[in-house]
There are 2 protein chains.
Amino acid sequence: MSKSNNVYKDAYNRGLRLLGETKSLPSEPELGALLGVSRTTIRTILARMEETGLIAWNKRSKTVLRAPRLDDFFPEEETDTLSQIIERSFMRRLLAGGAEAGMQINELELAREIGVGTTSVREFLIRFSRFGLIEKRRNSHWVLKGFTRAFALELTEIREMFELRSAAAFAALPEDSPVWADLDLLEDEHRLLAREIAARFNEFSELDERFHRLIHRASHNRFIVDFYDVIAMIFHYHYQWNKAQERERNEVAVAEHLAYIAALKSRDLGKVDAACRGHLKSARNTLLTSIPDRAALPQP
Amino acid sequence: MSKSNNVYKDAYNRGLRLLGETKSLPSEPELGALLGVSRTTIRTILARMEETGLIAWNKRSKTVLRAPRLDDFFPEEETDTLSQIIERSFMRRLLAGGAEAGMQINELELAREIGVGTTSVREFLIRFSRFGLIEKRRNSHWVLKGFTRAFALELTEIREMFELRSAAAFAALPEDSPVWADLDLLEDEHRLLAREIAARFNEFSELDERFHRLIHRASHNRFIVDFYDVIAMIFHYHYQWNKAQERERNEVAVAEHLAYIAALKSRDLGKVDAACRGHLKSARNTLLTSIPDRAALPQP
DNA sequence: AAAATGTTTTTTCACGATAAAAGACATTAT
DNA sequence: ATAATGTCTTTTATCGTGAAAAAACATTTT
């Protein structure tokens, strides 16, 4: 097996959802744009849809014959990218404990355990290295630096520097910039979530990311924007791992976001600075309390 | 051919230099530590040294028989890492012009042109992507973002943020910190270079990097320290590319460094800030003047 | 007993090969 | 003429493989 067809399977699943909405499907290039894949993949999808009796396909005409059933969909786990699979496995190991700082990481062992080739693991580790949690010894193994207190502090230090600057840039944006409309939409979503926080508190994580990414984009600096990948990654797994007081934490955070948004809209740099600092401080504390306070091992 | 033995060749060349200094070589583990390679490689080296009559090798005794000749050394180009070779080729293409923003980068083509496997090129591009000059389209090609004015400005913005903070941290370091001794040594090197600037101006680049890395290390933040890799990389190729007024530029920079060092030693945060800002401003201008002022293509 | 050498095993690095997916070109339909 | 479909080519993603290099284990020397 050399390459899984997860792109096809994922696009196929998303394609099935289109069937409920129309009587006939659009042209191949249009479908390609819609699903974000090439025509080659679209044609493979259409061929299968015809085979399973979902559509009648003859050149331009692609008539929907029936609505998709549950068993028409490919299983979720077959639509994942290899790198997603590797990332999940790796992070599970990392967070499942026993991942002491200084520990060696073995490409071959990881690859065998996950059941993939070494090349994919290597590429994953190289990409992952920019998160500052692992480090390569030339011609030798990778070293785990550990998800330590020091790491969290270094991460949040940069985050605060970048976000304060981005927030200031945001507030200085002209009246007619489209970001203000985006901000209004996000504000509405926050209010809605605040009202139903008891039931929907676990939807905050996704909203949080969209909100902060909007602000960082105002910096117009690719290094700042890209750095949010590091933060998002860490917070993503941190949220999955640490569910303690999740509801309360998120409720507080939503309120802080609303204050932050109000400050941005006021365009008062002093208020923006204060609201941003306040929110980032509690984000940092949340992260810190979830990290066990054992001393980091000395680095060789 | 699956893997070149450049590690061995490079270590062998460095090992030859040891021969001039002693009558007999130390133990295998000691040699390994000295040259930064494993015992396996050391034994391959010793085997060849015996073969070419450089030493007599019997278990613990490794007697030097003759001094190495020029033709004992492996050619320089055979000691390069594959990733160094790829990086050089890639940067040459990038800087040789015709590298417009938005241009596609083709792994296969690059690999063929350089004469290496695609895996190595892929891994290089992944590592290189953190410099912010290229970007990947999923399941498709890489896109060149271009060495533009915008890039230089974004880079220097972060640099200034990080270095101002590091410099302040540096100045606040306690009297007994070993960095002050390092700084004194660097100061001496600067003075020496300043005196002989006419002949040695091209040695500045290396000194520059060591100086700034020392300062950044005071931040004790891995993201700040690692970011200097991006700066070093850009300045390295920029210096190679743009030799205009090199002597004058470096002469100015050495003077600025000396002022910067004096400010640090004064521990006066105001002075440090001013000296740091001054130097970074002229570094930015140097970089900017070397970039043609054509408008960046609109990003899709 | 500690450290070196000798030997064997494991891991990393890099390649070519192959299926999936994208992209280019040719042909046909509106 | 433009846009779609049909067909063919190229590129990307991933694996297995093998040599280089590291690491582990066994044996000898001081």
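Chain identifiers are assigned alphabetically (A, B, ...) following the order of the sequence lines, protein sequences preceding nucleic acid strands; residue numbering begins at 1 within each chain.
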Output the rounded distance in Å from [atom1] ([X]) to [atom2] ([N]).
{"X": "A:Asn58", "N": "D:dA4", "atom1": "CG", "atom2": "C1'", "result": "13 Å"}
{"X": "B:Lys9", "N": "D:dA20", "atom1": "NZ", "atom2": "P", "result": "10 Å"}
{"X": "A:Ile45", "N": "C:dA22", "atom1": "CD1", "atom2": "P", "result": "9 Å"}
{"X": "A:Phe124", "N": "D:dT14", "atom1": "CZ", "atom2": "P", "result": "13 Å"}
{"X": "A:Lys136", "N": "D:dA21", "atom1": "NZ", "atom2": "P", "result": "14 Å"}
{"X": "B:Ile42", "N": "D:dA20", "atom1": "CD1", "atom2": "C1'", "result": "15 Å"}
{"X": "A:Leu108", "N": "D:dA22", "atom1": "CG", "atom2": "C1'", "result": "13 Å"}
{"X": "B:Ile86", "N": "C:dC13", "atom1": "CD1", "atom2": "C1'", "result": "11 Å"}

Letter by letter from the 5' end, nucleotides 23-30 of chain D scores (B base, S sugar-phosphate only, - none; protein heavy atoms under 4.0 Å) BB----B-

When the C1' atoms of the five terminal pairs at each end define the local axes, what inter-axis angle does the helix from C:dA1-D:dT30 to C:dT30-D:dA1 show, to 10 degrees?
30°

May I ask you to check whether over 12 heavy atoms, not counting those of B:Glu21, lie within 6.0 Å of atom CD?
yes

Look at the side chain of A:Ser120 and decide which nucleotide, out of D:dA4, D:dA13, D:dT14, has an atom nearest to it.
D:dT14

Just N and O in the side chain of [X]: are any of them under 4.0 Å from OP1 or OP2 of [N]?
{"X": "B:Asn106", "N": "D:dT12", "result": "yes"}
{"X": "B:Arg43", "N": "D:dA21", "result": "no"}
{"X": "B:Arg138", "N": "D:dT12", "result": "no"}
{"X": "B:Thr119", "N": "C:dA14", "result": "no"}

Starting at the 5' end of DNA chain C and moving along, which residue's nearest nucleotide shows up first, B:Val121 or B:Glu30?
B:Glu30

